[in-house]
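Everything on this sheet refers to the single structure shown next.
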Protein chains: 2
Amino acid sequence: MYRIGELAALYDIKADTLRFYEKHGLLSPSSRSDSGYRLYNQDDSERLKFILRAKAVGFSLNDIADLLSIEVDKSNRACAEVKGLVDTKLEQVEAKLAELQHFATSLKSLSNTCCGGPDSAEHCSILEALESSEQHIIAKKEQHHFSHSGHKD
Amino acid sequence: MYRIGELAALYDIKADTLRFYEKHGLLSPSSRSDSGYRLYNQDDSERLKFILRAKAVGFSLNDIADLLSIEVDKSNRACAEVKGLVDTKLEQVEAKLAELQHFATSLKSLSNTCCGGPDSAEHCSILEALESSEQHIIAKKEQHHFSHSGHKD
DNA sequence: ATAAACCTTAGAGTTTAATCCAAGGTCAAG
DNA sequence: CTTGACCTTGGATTAAACTCTAAGGTTTAT
């Protein structure tokens, strides 16, 4: 059992944030002490981990509430309904995933292309990398660093 | 060449948002008309696409400005400096990527586990799926659907 | 040449997600 | 039995990212 400050410390957030999440229906402590202190158990902690992860990858608290609602009232929902919700979110996640993979590829190619030395970074552009990786990641053998001309305006 | 309203419509955002991005150094139109209208070219459009994508995967406008700064002043920066920036961002992207893959896995397993029918969704929980996928995705065969008792208040 | 539909600026208002503050209750240490 | 570090509540403030308003200039169409 964690008290609010302990759980907050565990995830490097403020106790205020936990109260905020509670007020907004994202995470309630599973019990309270006699004196009314919030007491969070391991499940609560897992739930918080989920919330923070989802937030980190770009979901709003509302999105997250949707996702968590699947758990909260699972006994009141039909499987079909749940499946629909899950599949919708899955689409969103996979769209984000695709975007991120795109970014990662571009950043990697950028990092590789870049000489890493003290020279001017004339060819170092994420946008360039994104464009090229978008079109064809082929033609990426000739990475000498002096074809200054391939610059469209 | 797009005018502000056209470009906004193209990406389903508000003209205001484009002015906001401009004020915050994220995207400036490459030219202006005689009467002072913003005129965006294809490169500007690509840049906007990048901004919106980065935003969608959880980067703040500040993060995005960092990333784009690589392009903006590329000729004024040393490759080493650029490489450092890129590699930092790449780490962030890969962390997000890992999180998202986690989510995707969980959601998929949830979707598969779920009967999809009109029955109560007693076993449908993202948290359950996350937990199990975190530990071991094994032991997922015994999915009878009737242990109604595990309900704590 | 005037109305509708654009555009300009500066600045105010909104939403989301915290974060802080004030007034007071609780608890372990001395 | 009081001090300090916790906790409670509710409401105010902040920051980011828009979103809107006001006052006016421009363009196109009739």
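Reminder, nothing fancy here: chain letters follow the sequence lines and each chain counts from 1.
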Checklist entry - Cluster question for you: counting only ILVMFWY and a side-chain heavy-atom cut-off of under 4.5 Å, with indirect links fine, are A/L67 and A/L52 together? => result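 Per the 4.5 Å side-chain linkage, A/L67 and A/L52 are co-clustered.
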| Are A/Y37 and A/L27 connected, step by step, through hydrophobic side chains (Ile, Leu, Val, Met, Phe, Trp, Tyr) whose heavy atoms are closer than 4.5 Å? |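 A/Y37 does not cluster with A/L27.
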For A/R19, answer base if it contacts any base atom (sugar-phosphate contacts may also be present), sugar-phosphate if it contacts only those atoms, and nothing otherwise; contact means non-hydrogen atoms under 4.0 Å.
->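 Base contact - A/R19 has a heavy atom under 4.0 Å of at least one base atom.
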Note to self: Classify A/I13 by what it touches in the nucleic acid, base, sugar-phosphate, or nothing, heavy-atom distance under 4.0 Å.
What the structure shows: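 Contact class for A/I13: none.
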Atom pair distance, as rounded to whole Å: [atom1] in [X] and [atom2] in [N]:
| X | N | atom1 | atom2 | value |
| --- | --- | --- | --- | --- |
| A/F20 | D/dG11 | CZ | P | 15 Å |
| A/K23 | C/dT16 | NZ | C1' | 13 Å |
| B/Y2 | C/dC6 | OH | C1' | 19 Å |
| A/Y37 | C/dA28 | OH | C1' | 10 Å |
| A/D16 | D/dC6 | CG | C1' | 13 Å |
| A/L39 | C/dT26 | CG | P | 15 Å |
| A/M1 | D/dC7 | CE | C1' | 16 Å |
| A/E6 | D/dC6 | CD | C1' | 10 Å |

[X] side chain N/O closer than 4.0 Å to the phosphate oxygens (OP1, OP2) of [N]?
| X | N | value |
| --- | --- | --- |
| B/K55 | D/dC18 | yes |
| A/Y21 | C/dA18 | yes |
| A/R38 | D/dT8 | yes |
| B/R3 | C/dC6 | no |

So which one's nearest nucleotide on DNA chain C is more toward 5', A/K14 or A/S35?
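Closest to the 5' end, via its nearest nucleotide, is A/K14.
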Assign each of B/S33 and B/N62 the nucleotide of DNA chain D bearing its closest heavy atom; nearer the 5' end lies the nucleotide of B/N62
Assign each of A/I4 and B/D34 the nucleotide of DNA chain D bearing its closest heavy atom; nearer the 5' end lies the nucleotide of A/I4
Side-chain contact check for A/R32: nearest option of C/dA17, D/dT8, C/dC27 is D/dT8
Of C/dA17, D/dC20, D/dG25, the nucleotide closest to the side chain of A/L61 is C/dA17
Open item on the list: Both conditions, 6.0 Å and 45 degrees, for the charged tip of A/K14 above the ring of A/F20: are they met here?
Closed with: no
pair A/S45-A/Y2: side-chain heavy atoms closer than 4.5 Å: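 Result yes, sub-4.5 Å side-chain heavy-atom pair found.
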- Message: With heavy-atom distances below 4.5 Å as the criterion, would you say the side chains of A/I64 and A/K55 are in contact?
- Response: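 A side-chain contact exists here, since the closest heavy-atom pair is under 4.5 Å.
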